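Take a look at the structure set out below.
Remember, predicted model here, so these are calculated numbers, not experimental data. Computed over heavy atoms, backbone and side chain alike; hydrogens, waters and symmetry mates excluded.
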Amino acid sequence: RIPVYRLYDRQTGTHFYTSSSEERLQVVAKYPQYSDENIAFYAYGDVASDRNPVYRFYNNRTGTHFYTISGDERANVQSNYPWFAFEGISWYASPGSVNASTPMYRFYNTRTDTHFYTISAAERDVVQNNYPEFRFEGVGYYAWQAP
């Protein structure tokens, strides 16, 4: 498994996720508005029968990223939302619970037109109970918690 890092953008109030330690360091060095929140969760760097790719898009309107494990959703975004630039596969995760995986919860922020992802049930509960602008979309996929 590989670490997936979470960085917080203080300008947009959103998070950026990357499995590349080099990209993580470059973003923090080049964009001072980002705070490094360290490892958010673990995923895989290669494909296997119980894993699907997690796709990454860059939203040119909001300056944020969108992630999905769904091939159908990827195709829909590519066909209908030209302001989303497809950046490829970020990592591999599971569409269902396997090998002690944990749900990756997905929210849509109605105020910023962006998404938020967390593997933490406690953080999910805080967001649901305190931030009404975040609409819970359910489990996006399954990954592995940081030890």
Side-chain angles (χ1 to χ4, degrees), residues 1-98 101-121 123-124 126-128 131-146:
R1 294 184 191 142
I2 59 170
V4 177
Y5 305 98
R6 184 168 104 169
L7 297 94
Y8 179 69
D9 183 337
R10 291 182 299 278
Q11 283 184 329
T12 63
T14 62
H15 291 86
F16 170 64
Y17 303 82
T18 181
S19 60
S20 166
S21 58
E22 293 82 18
E23 184 176 41
R24 168 193 182 199
L25 294 173
Q26 288 172 357
V27 167
V28 170
K30 187 174 180 181
Y31 303 102
Q33 73 268 23
Y34 279 93
S35 299
D36 187 352
E37 294 185 341
N38 213 343
I39 297 169
F41 59 92
Y42 286 85
Y44 283 94
D46 57 355
V47 70
S49 62
D50 61 345
R51 302 175 212 147
N52 291 358
V54 174
Y55 306 104
R56 182 170 110 178
F57 290 88
Y58 178 73
N59 183 332
N60 290 299
R61 290 185 176 172
T62 63
T64 63
H65 288 83
F66 171 68
Y67 306 84
T68 183
I69 198 170
S70 167
D72 289 342
E73 188 171 43
R74 181 204 70 213
N76 182 51
V77 170
Q78 288 177 299
S79 295
N80 298 303
Y81 300 94
W83 56 92
F84 279 87
F86 181 61
E87 294 186 336
I89 296 170
S90 288
W91 53 80
Y92 294 84
S94 177
S97 180
V98 297
S101 62
T102 302
M104 175 64 65
Y105 305 106
R106 184 170 120 173
F107 291 86
Y108 173 70
N109 185 330
T110 59
R111 188 174 4 185
T112 61
D113 195 28
T114 61
H115 283 82
F116 171 68
Y117 312 84
T118 183
I119 199 166
S120 165
E123 188 173 42
R124 175 204 62 199
V126 167
V127 171
Q128 284 183 305
Y131 300 97
E133 68 273 18
F134 283 84
R135 187 177 70 223
F136 184 60
E137 293 186 332
V139 175
Y141 53 87
Y142 290 78
W144 294 264
Q145 290 196 16

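- With values rounded to the nearest 0.5 angstrom, Phe66 atom CZ is found 11.0 Å from Thr114 atom OG1.
- Thr62 is linked by a side-chain hydrogen bond (donor to acceptor under 3.5 Å, both in side chains) to Asn59, Thr64, counting only residues two or more places apart in sequence or in another chain.
- When the shell of 6.0 Å around CZ of Phe136 is examined, it contains more than 12 heavy atoms from other residues, nucleotides or ligands.
- Remark: Arg1 engages no residue in a salt bridge (charged side-chain N to carboxylate O under 4.0 Å, His left out) (not counting sequence neighbours).
- In this structure, the separation between NE2 on His115 and CG on Asn109 is 9.5 Å, given to the nearest 0.5 Å.
- When the salt bridge (charged side-chain N to carboxylate O under 4.0 Å, His left out) test is applied to Arg61, no partner is found at least two apart in sequence or on another chain.
- With rounding to the nearest 0.5 Å, the separation of OH in Tyr142 from CD1 in Ile69 is 10.5 Å.
- Using a 4.5 Å heavy-atom cutoff, the side chains of Val54 and Tyr141 are in contact.
- Residues passing the side-chain hydrogen bond (donor to acceptor under 3.5 Å, both in side chains) test with Arg56 are Glu23, Glu87, sequence neighbours excluded.
- To the nearest 0.5 Å, the span separating CE on Met104 from OG on Ser94 amounts to 12.0 Å.
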**Request:** For the pair Val28 and Leu7, evaluate side chain to side chain contact (heavy atoms under 4.5 Å, CB included) and give the outcome as yes or no after the intermediate values.
**Result:** CA-CA 8 Å; Val28 170; Leu7 297 94; 3.3 Å; yes
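- The aromatic rings of Phe134 and Phe116 sit perpendicular, their planes meeting at an angle over 60°, well past the 30° parallel limit.
- Among residues two or more places apart in sequence or in another chain, the side-chain contact (heavy atoms from CB on, under 4.5 Å) test is passed with Arg10 by Tyr8, Ser35.
- Surrounding CZ of Phe86 are more than 12 heavy atoms belonging to other residues, nucleotides or ligands, all under 6.0 Å away.
- With sequence neighbours left out, Tyr67 forms a ring-ring contact (aromatic ring centres under 6.0 Å, His included) with Tyr17, Trp91, Tyr117.
- Between Val47 and Tyr92, the shortest heavy-atom contact is CB-CE2, 3.6 Å.
- Ile119 and Tyr105 get closest at one heavy-atom pair: O-CE1, 4.1 Å.
- The side-chain hydrogen bond (donor to acceptor under 3.5 Å, both in side chains) test applied to Tyr5 returns no partner, not counting sequence neighbours.
- Under the rule for a salt bridge (charged side-chain N to carboxylate O under 4.0 Å, His left out), Asp113 has no partner lying at least two apart in sequence or in another chain.
- Once rounded to the nearest 0.5 Å, the distance linking CZ of Arg6 with OH of Tyr34 reads 13.0 Å.
- Shown here are the side-chain contact (heavy atoms from CB on, under 4.5 Å) partners of Asp46, two or more places apart in sequence or in another chain: Tyr44, Arg51.
- With sequence neighbours excluded, the residues forming a side-chain contact (heavy atoms from CB on, under 4.5 Å) with Gln11 are Asp9, Gln33, listed by chain and number.
- Salt bridge status for Arg24 with Glu22: absent, with no side-chain N to carboxylate O gap under 4.0 Å.
- Residue pairs meeting the salt bridge (charged side-chain N to carboxylate O under 4.0 Å, His left out) criterion with at least one partner in residues 70-79, sequence neighbours excluded, are Glu73-Arg106.
- In this structure the side chain of Tyr81 reaches within 4.5 angstrom of the side chain of Asn76, judged on heavy atoms.
- The aromatic rings of Phe16 and His65 are tilted relative to each other, their planes meeting at an angle between 30° and 60°.
- For Ser120, there are no side-chain hydrogen bond (donor to acceptor under 3.5 Å, both in side chains) partners, not counting sequence neighbours.
- Atoms OG and CZ, on Ser19 and Phe41 in that order, are 8.5 Å from each other to the nearest 0.5 Å.
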